[in-house]
Amino acid sequence: MSDKRRALPAVDTLLSHPAVVQHGAGHRLKRRALRELLTAERQRLVDETSAVPDLDSLAYAGVVHIEWLSRSRAPSVFNLTGTVIHTNLGRSTLAESAVMALTRAACEPLALEYDIESGRRGDRDHMVEALLCELTGAEAATVVNNNAAAVVLALSAMGAGREAIISRGELIEIGGAFRMPDIMHASGCILREVGTTNRTHAWDFESALGEATGLIVKAHTSNYAVEGFTSTVEERELARIAHHHGVPFMVDLGSGALTDMAALGLPDEAQPYESIEAGADVVTFSGDKLLGGPQCGLIVGSREQIERIKRHPLKRALRVDKLILSALEATLLLYRDSDDIAADIPTLRLLTRSEAEIAACAERLAPALAGALPADFELSQRPCRSQLGSGALPVDRLPGQALVVTPTGERRRRERRLRELEQALRQLPRPVVGRLHDGALWLDLRCLVGAADETAFIQQLGALQLAQATP
Ligand SMILES: *Cc1c(COP(=O)(O)O)cnc(C)c1O
């Protein structure tokens, strides 16, 4: 037994193998990878039936391990889940100009908090404030880490120690531990819920207003719908009631589109300018949902309230860095200047893809996928419905096309084979994430765009490690 282990080569021998020498990694990483490989081999050889691998095989295994060690724990994936703005897969990808701006900011010093005109210290919001004001009609604007942070900061600045009045129908949870009642509590506000789950009236707000009131809040109930016998109070009316009592009115929009979604053939989505027009003092929305920019939370509104928010100590703790601000500025410039916003913002591009275009992609990929699958799987191309994701109405679905892989055979075996398939696709160099539905794996092709990605998808299928069916 120990002899077999002694037959393993030394680290230095493997280091001078041509396959290892050729690899571009540094010496330190190579040595670590080979040491780990040899330790694992020694373990394996404890079992007397194991054979000592030859030098070439070990060197190639070493190269694979070097790759594995230097690989990111969050590799790029193919998002074939059918959810376009997928929080677990990083939400929006950035427009080309935003990527360039971000890269420039990463590589070179920039006038972040520096006024080029006067040579004095400046405010980092200056990069995007004028753009945000132009795009939303607001007087002032600021940016924080995400929309949850925007809501916490705005509530803290305007309502800490006082009552925040909100309709019972809007005490939302949007997942990932964002629950409106908890957020209010964390912000130091006293939650004052009014109305009922399905109906809230203006007089509910009127009668709740008093000495203790800090502000009135409206939250966009983006990820669920109350239908039937319902009634909510319009923003214009809420703003009027709030201002009559001398308190601010805040709207948490969630997604907040900066262009008319309906004009792009998509489900209608509230735009920040509408809330500002209706009289909201503060509107908050996400940067990486329908806007299609980097993760951040945008706060727009009246000069008075935005100044209050900017002065709050939490603002400093929640501020965004130069990379985010640069990417955001470039994205907002597209909203101001682009002749074809649906083509320039990747998220909008994905959402507006036609079913015919997706079907053509499915037809190009189907033969390669069919060829890579063991004989006990069936492949079909079917119409499907994609979701916008990230809090957009789950009932609004976009028509698309999917490649659907269905295992055949007896039920228990079908379940096992489906799990094996799903796992094998996840273990590809660029993992493929689909959606299990109705005893099949659905690969919604809405988010697989462009010849380069199609080729990459097809090429890596050769590495699919899925055993033939065992009887
Ligand atoms: C998504 C959402 C949030 C949280 O935004 P993040 O950018 O994810 O922090 C808050 N409120 C509403 C209504 C939302 O839809």
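These numbers come from a predicted model, not from an experiment. Every number for a ligand or one of its atoms is a count from 1 in the order of the listing.
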Test of understanding: given a 4.0 Å heavy-atom threshold, classify the contact between K289 and ligand 1 as side chain, backbone, both, or neither. side chain
Hey, can you pull the donor-acceptor pairs under 3.5 Å for the side chains in residues 451-460, sequence neighbours left out?
{"unit_1": "D453", "atom_1": "OD1", "unit_2": "R430", "atom_2": "NH1", "d": "3.3"}
{"unit_1": "E454", "atom_1": "OE1", "unit_2": "R364", "atom_2": "NE", "d": "2.8"}
{"unit_1": "E454", "atom_1": "OE2", "unit_2": "R364", "atom_2": "NE", "d": "3.4"}
{"unit_1": "E454", "atom_1": "OE2", "unit_2": "R364", "atom_2": "NH2", "d": "2.7"}
{"unit_1": "T455", "atom_1": "OG1", "unit_2": "A451", "atom_2": "O", "d": "2.8"}
{"unit_1": "Q460", "atom_1": "OE1", "unit_2": "R430", "atom_2": "N", "d": "2.9"}
{"unit_1": "Q460", "atom_1": "NE2", "unit_2": "R430", "atom_2": "O", "d": "2.8"}

Assess M180 for proximity to ligand 1: is some non-hydrogen atom of it under 4.0 Å away? no
Going by the order shown, which atoms of ligand 1 are within less than 4.0 Å of some heavy atom of A148? 4 (C), 5 (O), 6 (P), 9 (O)
Mind checking whether T221 has a heavy atom under 4.0 Å from ligand 1? no
Atoms of ligand 1, numbered as shown, that sit under 4.0 Å from any heavy atom of F178: 10 (C), 11 (N)
Does even one non-hydrogen atom of R91 get within less than 4.0 Å of ligand 1? yes
Pairing donors with acceptors under 3.5 angstrom, does anything connect the side chains of S275 and E235? yes
Test item: side-chain donor near acceptor, Q465 and Q427, under 3.5 Å: no
Where the side chain of S255 meets the backbone of A257, is there a donor-acceptor pair that is under 3.5 Å apart? no
If you measure from the Lys or Arg side-chain nitrogens to the Asp or Glu carboxylate oxygens, is any gap between D281 and R308 under 4.0 Å? no
As an exercise, identify every atom of ligand 1 less than 4.0 angstrom from a heavy atom of I172. 13 (C)
Determine, using heavy atoms of D252 and all atoms of ligand 1, whether some pair is separated by less than 4.0 Å. yes
Considering only heavy atoms of H220, which atoms of ligand 1 have at least one such atom less than 4.0 Å away? 13 (C)
Can a side-chain donor-acceptor contact be found between H126 and D115 if the only test is distance below 3.5 angstrom? no
Between R162 and E211 (salt bridge meaning N to carboxylate O under 4.0 Å), is one present in this structure? no
List every atom of ligand 1 that sits less than 4.0 Å from any heavy atom of S286, numbering the atoms from 1 in the order shown and giving each element. 5 (O), 6 (P), 7 (O)
